[in-house]
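So that the names make sense, note that chain A is the first sequence line, chain B the second, and so on, each numbered from 1.
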Protein chains: 2
Amino acid sequence: MATACLAGPFRPLRWSQIGEDALAKRITLADIALRSGLSVSTVSMVLNDRPGSRIPESTALRVRDIAKELGYAPDRTARGLRTGRSEAFGFISDEVTVTRYASAMVRGLLDAAEDSNYSVLIAETDNQSRRVEAAIRLMRTRRIDGILVGLMRARQIDLPGDIGGLPALIVNGKVDGVVSVLPDEYRAGLDAVHYLVSRGHRRIAFVGRAPEHLDPRVSWTIGRRVAGIDDAMADAGLSFVHEVGGVEWEPELGDHAAAEIFDRRDATAIITANDRIAFGVYRKARERGVEIPFEVSVLSFDDEQLASYMRPQITTMRLPYLEMGRIAAECLLERIGGGGKVAGRLVHEQDEILVPMPLIERDSVATIS
Amino acid sequence: MATACLAGPFRPLRWSQIGEDALAKRITLADIALRSGLSVSTVSMVLNDRPGSRIPESTALRVRDIAKELGYAPDRTARGLRTGRSEAFGFISDEVTVTRYASAMVRGLLDAAEDSNYSVLIAETDNQSRRVEAAIRLMRTRRIDGILVGLMRARQIDLPGDIGGLPALIVNGKVDGVVSVLPDEYRAGLDAVHYLVSRGHRRIAFVGRAPEHLDPRVSWTIGRRVAGIDDAMADAGLSFVHEVGGVEWEPELGDHAAAEIFDRRDATAIITANDRIAFGVYRKARERGVEIPFEVSVLSFDDEQLASYMRPQITTMRLPYLEMGRIAAECLLERIGGGGKVAGRLVHEQDEILVPMPLIERDSVATIS
DNA sequence: GCCCGCTAGGCAAGCGGTTGCCATGCGATC
DNA sequence: GATCGCATGGCAACCGCTTGCCTAGCGGGC
């Protein structure tokens with residue numbers, strides 16, 4: 001690594017700095033106090049417009065003017081020291097930031113934090129409990145006000161490391177005694193089948209069932225997805241014309257399953273348990289000259305990035321990572337009690353907050369009559 | 001959004017908290033001072049083992065023991081207030097966190113920060129200068145020690161917002177007067193062609209040239225990639241048997257280009273300017289029954305996630321986002337002077353730090369004789 | 001006997017806010 | 001004219017840590 005810093009033509013030692021002098025002076029309450037002839041405490045009261053302080057509007061106005069003119073911004077470090085609140089929360093993930101699946105979650109929570117003027121401390125732990133512990137410890141020394149744990153795949157875990165007393169939520173996962181934000185998979189399973197049925201399909205195949213996924217330590221949600229699908233099928237008085245099981249939800253399963261299904265020629269629609277399987281189905285279809293959706297429709301789950309490359313564009317039930325991130329952060333901020341916009345909204349606590357999985361209607365499902 | 005918090009069955013108001021009492025008492029220097037009969041300042045000196053302080057080893061040992069026993073961890077807020085350094089830096093990106101391309105960058109810099117016990121404050125700005133300014137301002141109020149700017153696609157930008165006096169680096173981009181960490185595209189272009197030539201290819205086609213990409217505001221690096229390719233071809237005494245230009249580097253360009261190239265039957269290898277184009281080429285190849293790499297080899301650039309889905313697995317020049325993130329953070333920490341492991345390594349400043357783009361050799365290039 | 005110097009460690013100021021409590025001035029009241 | 005009370009706003013402690021400077025105590029040299 002170090003060597004890379006030395007690559008390229010040699011130049012004399014110099015570091016990039018812009019506007020050196022801007023660091024010289026940082027505006028404090030004392031500056032405003034001096035300028036206004038008031039005391040630091042009065043200025044503080046005004047700028048936080050503290051209820052109960054009896055400062056006449058004229059004075060307050062003057063103070064605010066001076067503050068604006070000087071470009072005052074409170075030092076969060078100092079404030080944090082005094083109040084014990086940092087106006088920042090932590091986000092600990094297994095590998096959310098780096099994966100193709102769930103990085104939108106980070107975006108969602110960053111957005112929510114920004115709305116409340118909160119900062120987010122992020123740590124990735126690669127599922128190593130040593131790193132989780134270290135991250136929590138480090139964050140606590142920064143006096144974070146709360147903590148969010150995010151998982152790449154929704155499953156049950158134990159949380160190593162002490163989050164004692166800190167408000168906490170887990171996004172896309174399950175930890176005993178901690179509130180979860182989860183995708184509403186059961187509902188999505190239901191919706192998926194209803195959609196297909198509403199488009200006239202009655203001969204439906206399903207790819208991806210695997211009992212292994214029912215273990216909560218493997219997945220906390222897949223069981224619900226499948227249960228939703230099964231229940232909706234039963235409600236519609238249908239059963240699958242063909243099923244191909246498989247633990248590894250990768251394109252190869254789709255290849256293989258599609259070959260079977262195409263050979264039998266009995267399904268008008270295929271539900272794939274995720275987009276990667278659907279990708280394999282697409283690949284096989286192209287190979288065989290089977291036209292989607294005219295000869296067979298495909299309905300999938302997840303809407304990961306991969307989906308954007310598939311032609312025709314695939315219709316899929318989206319995993320709402322962005323929304324989950326945002327909602328989790330909003331709920332956390334509400335719990336903390338500091339979130340500007342969120343404050344004052346009463347939220348009734350549950351174990352699980354379910355976020356809808358929207359049907360992203362694109363071009364892979366045909367209507368048949 | 002709010003409504004999502006109310007989804008699911010109603011439960012009484014309760015918030016998830018673990019070990020309520022752990023928050024009760026936080027160990028401070030004063031606690032250690034009390035226990036050891038020493039003064040707070042002495043304890044501080046010991047725990048920071050400040051050079052120049054003349055504390056006998058026996059005392060130091062005792063203090064360290066007590067600190068460990070009590071589980072002391074310094075309050076970074078308080079320390080930061082006193083020292084003016086937060087041991088945190090900021091990362092401002094356009095949309096790095098959320099995109100399929102570059103999120104590994106975040107991982108790299110998180111890892112480097114962790115090694116030095118630094119925290120990272122992350123903000124995404126969606127390219128809105130208003131949000132960039134806000135992010136910088138917010139971070140400054142937290143007294144960050146330095147700032148990293150990360151871009152999804154390497155291009156030249158102006159930095160709105162005042163980073164006055166703060167050490168800064170830009171990752172995968174160019175800002176006047178700020179040091180950049182960039183992929184070594186010229187070298188990669190060279191290497192790509194050399195590789196193909198070394199495998200016996202002399203009739204090579206190229207897909208993706210576009211003069212529009214030469215504008216530094218569009219791309220700071222594509223020009224170098226193409227220049228590397230061109231120079232290596234010239235060095236080898238070759239010229240492309242066919243070229244298909246295109247500004248939009250999407251699968252459709254690959255579809256279209258592959259059709260042309262397959263029709264002419266004169267190329268043994270295709271260089272695609274990026275993986276998405278290669279994806280289109282693959283798609284067309286499957287449609288036409290053209291076997292990669294036996295009938296035609298494909299060499300690509302980027303190694304984005306998409307590449308992992310392509311069969312046969314594609315050989316490509318990887319954009320080293322993880323390393324770029326790590327190196328940028330290490331250099332920033334060195335500049336700050338606080339980075340544990342990094343401290344003391346002298347880095348000579350340049351305008352650009354070039355990170356090698358490794359050839360990821362997989363299965364899409366055949367050797368011909 | 002006095003002074004010097006060294007060792008070991010303490011004092012207290014401050015970083016920039018927040019906050020409980022007190023002080024001043026003024027008109028109104030008795 | 002003394003008292004009261006309210007409207008304004010100041011004082012100072014404190015959050016936990018760092019750091020410049022000072023001190024107590026002791027042994028040794030002249």
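We find that CZ of B:Arg85 is positioned 19 Å from C1' of C:dG14, with the value rounded to whole Å. In this entry the distance linking CG of A:Asp49 with P of C:dT18 reads 12 Å, nearest Å. Regarding B:Arg142, its CZ atom lies at a distance of 15 Å from the C1' atom of C:dG16, rounded to whole Å. Atoms CD1 (A:Ile27) and P (C:dG16) sit 11 Å apart, rounded to a whole Å. Following rounding to the nearest Å, B:Ile55 (CD1) and C:dG9 (P) show an atom-to-atom distance of 6 Å.
Residue B:Ile32 is out of contact with every strand shown, counting any heavy-atom pair closer than 4.0 Å. In this structure, A:Arg76 reaches neither bases nor backbone, as no heavy-atom distance under 4.0 Å exists between it and the strands shown.
Residues passing the side-chain contact (heavy atoms from CB on, under 4.5 Å) test with B:Ala30 are B:Thr28, B:Val40, sequence neighbours excluded. Partners of A:Met45 by side-chain contact (heavy atoms from CB on, under 4.5 Å), not counting sequence neighbours, listed by chain and number: A:Arg50, A:Ser53. With sequence neighbours left out, A:Asp75 forms a salt bridge (Lys or Arg N to Asp or Glu O under 4.0 Å) with B:Arg143. Every residue two or more places apart in sequence or in another chain that forms a side-chain contact (heavy atoms from CB on, under 4.5 Å) with B:Ser39 is listed here: B:Ser41, B:Thr42. Not counting sequence neighbours, the partners of B:Arg35 by the side-chain contact (heavy atoms from CB on, under 4.5 Å) test are B:Ile66, B:Glu69, B:Leu70. Partners of B:Ser119 under the side chain to side chain donor-acceptor pair (under 3.5 Å) rule, at least two apart in sequence or in another chain, are A:Arg142.
DNA chain D lies under 4.0 Å from at least one heavy atom of each of the following residues of residues 39-48 of chain A: A:Ser39, A:Ser41, A:Thr42. Taking a 4.0 Å limit (strictly below) on heavy-atom distances, residues 59-75 of chain B reaches DNA chain D at B:Tyr72, B:Pro74, B:Asp75.
Summary of the strand contacts: B:Arg82 and A:Leu29 both lie near DNA chain C, and taking for each the nucleotide with the nearest heavy atom, the more 5' one is attributed to B:Arg82.
For residues 58-67 of chain A, every residue pair satisfying the side chain to side chain donor-acceptor pair (under 3.5 Å) rule, not counting sequence neighbours, is listed here: A:Glu57-A:Arg64. Pairs engaging residues 37-49 of chain B under the salt bridge (charged side-chain N to carboxylate O under 4.0 Å, His left out) rule: none recorded [sequence neighbours left out].
In this structure, B:Leu47 and B:Ile32 have side chains that are in contact, with non-hydrogen atoms separated by less than 4.5 Å. Residues B:Arg79 and B:Glu87 form a side-chain contact, since some pair of their non-hydrogen atoms from C-beta on lies under 4.5 Å apart. At a threshold of 4.5 Å between non-hydrogen side-chain atoms, the residues B:Ile353 and B:Cys331 count as touching. Side-chain atoms of A:Leu333 and A:Tyr118, non-hydrogen and from C-beta on, do get closer than 4.5 Å to each other. Taking the side chain as every heavy atom from C-beta outward, A:Ile170 and A:Leu148 never approach each other to under 4.5 Å.
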- Task: For B:Arg131 and B:Asp126, run side-chain contact (heavy atoms from CB on, under 4.5 Å): C-alpha distance rounded to whole Å, both residues' side-chain angles, the deciding distance at 0.1 Å, then the answer.
- Result: CA-CA 8 Å; B:Arg131 293 182 67 182; B:Asp126 240 350; 3.8 Å; yes

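Dashed line: the shortest gap from a side-chain N or O of A:Arg79 to OP1 or OP2 of C:dT18 is under 4.0 Å.
Here the range on DNA chain D touched by chain A, meaning any atom under 4.0 Å from one of its heavy atoms, is D:dT8 to D:dG16.
Bending across the helix from C:dG1-D:dC30 to C:dC30-D:dG1, expressed as the angle between its end axes from five pairs apiece, amounts to 90° (10° rounding).
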